[in-house]
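Counting starts at 1 for both ligands and their atoms, following the listed order. Along the sequence shown, the residues carry numbers beginning at 1.
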Amino acid sequence: MSSESAPIRQGNCEPCESLAANFERHIRNWLSRDEKVPGDLYYALALSVKEQLFEHWRSTRRQDLSYQKKQVAYLSLEFLMGRALGNMLLCLDLTDECRQSLNQLAIDLEEIQEQEHDAGLGNGGLGRLAACFMDSCATMDIAATGYGIRYEYGMFMQRIADGYQQEMPDKWLRMGNPWEVRVNSHNVNVPFYGRTETYLDKKRHIAWVDTQDVLAVAYDMPIPGYRNQRVNTLRLWKAEATDDFDLSEFNQGDYAEAVARKNLAEQITMVLYPNDASENGKELRLRQQYFLSSASLQDLLKNWVNAFGEDFSRFAEYNVMQLNDTHPSIAVPELMRLLVDVHGLEWDEAWDITTSCMAYTNHTLLPEALERWPVRMLGNILPRILEIIYEINARYLDKVAQLWPGDHHKLRTLSIIEEGHEQYVRMAYLAIVGSFSVNGVAGLHTELLKQGLFKDFYQLWPEKFNNRTNGVTPRRWLAMCNPGLSELITQKIGDQWVTDLPQLSQLRQFADDVAFVKQWAAIKRQNKARLARLIKRETGVEFDNSMLFDVQVKRIHEYKRQLLNILHVIHLYDRICRGDTDGMVPRCVLIGGKAAPGYAMAKQIIKLANNVAHMVNSDKNMAPWLRMVFLPNYNVSAMEKIAPGTDLSEQISTAGKEASGTGNMKFMMNGALTIGTLDGANIEMLEEVGEENFFLFGLTAAEVAEQRKDYRPNEIINNSAALSGVMQLLESGHFNLLEPGIFDHIIGAIRDPYDQWMTAADFDAYCSAQQAVAAAYQQPAHWYRMSILNTAASGRFSSDVTIAGYRDEIWRA
Ligand code: 26Q
């Protein structure tokens, strides 16, 4: 390869021009104007940085297309990339050079970075995980391609009006996207609708005919590894109308109408569904899923055929597809269709290949979030795919019947098709049957899958099941977002931690070093000041960085229990009103996150947070003790300022409900302490850092399951002075004096014996843990010692560690 002898320094490969020269050329030629607007400067800089990548991007592509390595395809409906510029500069080691060149023009790099619009092509954890994985694969020299959708509108922008969430469209491409490259040569057609026909030549074939095809156009984004020479690709598909769309209408003279109708095809990639937990069953969503799956698999098969012709015997040796939840699981029957109908393989051979290539990651334990598609809808949109699903199911149920002879109940419960008034395809079952690997995303989560949701499948195929605890990339989530702390760490232990995060354990030896602790504390204070500026700008509320910064940011969901956090704030408010401030610590509480637009209870929780914040902040007596804000429009770039500036991270989900969590890891890396339940990856964080450095409280998953049988929240409330006080304030309408009744549902939910999230059950334990937090924060040496030990113990939660597990145990790449 031509790149092998190139200098290690990727950004400066001769004979390429320097970044500075390239940047000037872009400003001069491309912008052709004299006054320098920040948005244009950002665009020019981004184009220059992209050009620095081209050579290695091309050589990576060329190398990978020769199949010296196994190719990983990460299929995901979401890639929550956030901003790219800072990360690109970091990976290319161009940050300092770039800052200097800009300074010469009297331009501030940070101000330019703020011009970039977040690529918010995901809802939350699952989408951001995909982005972290892309970074780790490139850094670890794994030949991985991310396949996703180029939504015109990403995750909605959240505004708060009168305390309520309002959704605004996120037209993230309005100013153009300097990072993407449209590659017309990779266009493929994706079929929809039509019907199937059987025909015979040498053997029986099935043809899917009279389809309405949609053109998938590839837009590639570069994914550079950290200071190596690999540049992987994130390939996002855009839907466009094909030219032969509805030709008949043309001929009838309806030219203009027919052209206008092409918009229907383009709808497919118009908008990201802003739902992060419940399945919503919309036809357009199914079309998105199939569009992504089909376009991506056609692309992979095309690459293969280009290299090896129609011989697929070694395809599975060189290809693996990781399914990010069931969202792209329609890829299982689609690969069967392409191999059997298009490439002429026999069913058994195709099934062997499919089940040797596909691997499925599950991200949820909530039964209501499991995807199912009505058979009727699927059969209408994708008739051939439905036939293939039936065939897969019939052959698989034969095996089930052999294992449990005569057990009709088993057949019914294990079938991919759910019977009933309306039939459904159970996508998780399809994914499990079609994959060689099924993984959960944290230890507890995987165990609960094996014992609960997927118990029968675990009996059938124990060898398929494995755990891969999530991780986050230390490049973005420490090196880039917290330069102060990064520099201090590097001074002490060198810079190898950036690609080998477990090395952070060396920080333990400095936990009692007075000078080091002082530096550590000073950096936290600066980061808190930076966060306070953001909060002031966005909300007008002032946070004082000598106070404890107590933060909960994540999607708003009942199981995540933002409500428990708010009830605690009300309790503090109640105590301050009564003059009971013994052992209290001055505290600033920050809550942020988006509610799914159709999730009424989540929206009420946002309203409650805002109303409580308003009461707290407008009461003079509170000022020395308590501040609270709801930060609007929480997203990736906000988290880059939030995590470094946080003292206390709230990870307080009902045990057994949060599959893993990944925000918890970002906070830990940046030296926040966690108050949390035994849920998801919290359990493993606690294991790493030790109970003495973690504020643990609440019921275990097993206790939650047990107590649910006889849960009496009203008794719990009556027996708790603290919670009674809180309920009294809430029920008296203290926080909604001019809006009577608006919190009745929330109050009802807390008192409901069927409250799935058992907020009341954990309230007292939570308050006690918060008192322990307050006590600890009053001893700075002790607090910062714990803070250092948390960062030092966060090495295992690097996505590099996670990806090493995927690579060695699943992909065998
Ligand atoms: C499904 C059907 C229709 C429309 C939307 C959806 C949909 C979309 C996104 C359902 C779920 C999601 C996202 C789920 C998610 O983010 N799960 C989180 O995944 C993280 C990464 O593994 C975990 O850390 C979190 O615990 C888990 O909640």
Interfacing atoms of ligand 1 (cut-off 4.0 Å, heavy-atom, A659) = 26 (O)
One finds that the ligand 1 atoms under 4.0 Å from a non-hydrogen atom of N275 are 4 (C), 5 (C), 6 (C), 7 (C), 8 (C), 9 (C)
Decide whether the shortest distance between a heavy atom of G661 and an atom of ligand 1 is less than 4.0 Å.
-> yes
Note: ligand 1 atoms sitting under 4.0 Å from heavy atoms of Y559 are 28 (O)
Is the shortest side-chain N to carboxylate O distance from D135 to R476 below 4.0 Å?
-> no
Can you check side-chain contact (heavy atoms from CB on, under 4.5 Å) on Q288 and Y273, steps first, answer last?
-> CA-CA 10 Å; Q288 291 182 336; Y273 276 93; 3.5 Å; yes
If you look at every heavy atom in W172 and A119, which pair is closest and at what distance?
-> CZ3-CB, 3.7 Å
Under 4.0 Å between a Lys/Arg side-chain N and an Asp/Glu carboxylate O for E640 and R83?
-> no
For R555 and ligand 1, answer yes if some heavy atom of the residue is under 4.0 Å from a ligand atom, otherwise no.
-> no
Can you label the angle between the F454 ring and the Y429 ring as parallel, tilted or perpendicular, going by 30° and 60°?
-> perpendicular
Looking only at atom types and distance, does a side-chain atom of S660 sit under 3.5 Å from a main-chain N or O of G680, one as donor and one as acceptor?
-> no
E658-ligand 1 polar pair, N/O distance under 3.5 Å = yes
Taking N or O atoms only and a 3.5 Å limit, does H363 qualify as a polar contact for ligand 1?
-> yes
Under 3.5 Å, N or O to N or O, is N123 touching ligand 1 that way?
-> no
R285 to ligand 1: N or O pair under 3.5 Å?
-> no
Is the closest heavy atom of T364 to ligand 1 under 4.0 Å?
-> no
Residue-ligand contact W373/ligand 1, heavy atom below 4.0 Å | no
Does K594 make a cation-pi contact with F156, if we ask for NZ or CZ under 6.0 Å from the ring centre and within 45° of the axis?
-> yes
Salt-bridge criterion met for K603 and E167 (N-O under 4.0 Å) = yes
Would you say ligand 1 has an N or O under 3.5 Å from any N or O of V441?
-> no
Could you tell me whether E809 and R807 make a salt bridge, using a distance below 4.0 angstrom between a side-chain N and a carboxylate O?
-> no
Ligand 1 and Y273, any nitrogen or oxygen pair closer than 3.5 angstrom?
-> no
Go through K560 and D679 one step at a time and tell me if the salt bridge (charged side-chain N to carboxylate O under 4.0 Å, His left out) criterion holds.
-> CA-CA 10 Å; K560 295 177 188 284; D679 201 14; over 6 Å; no
By number and element, which atoms of ligand 1 are closer than 4.0 Å to a non-hydrogen atom of E371?
-> 2 (C)
Mark the output for E78 as yes if a heavy-atom distance to ligand 1 is under 4.0 Å, and as no if none is.
-> yes
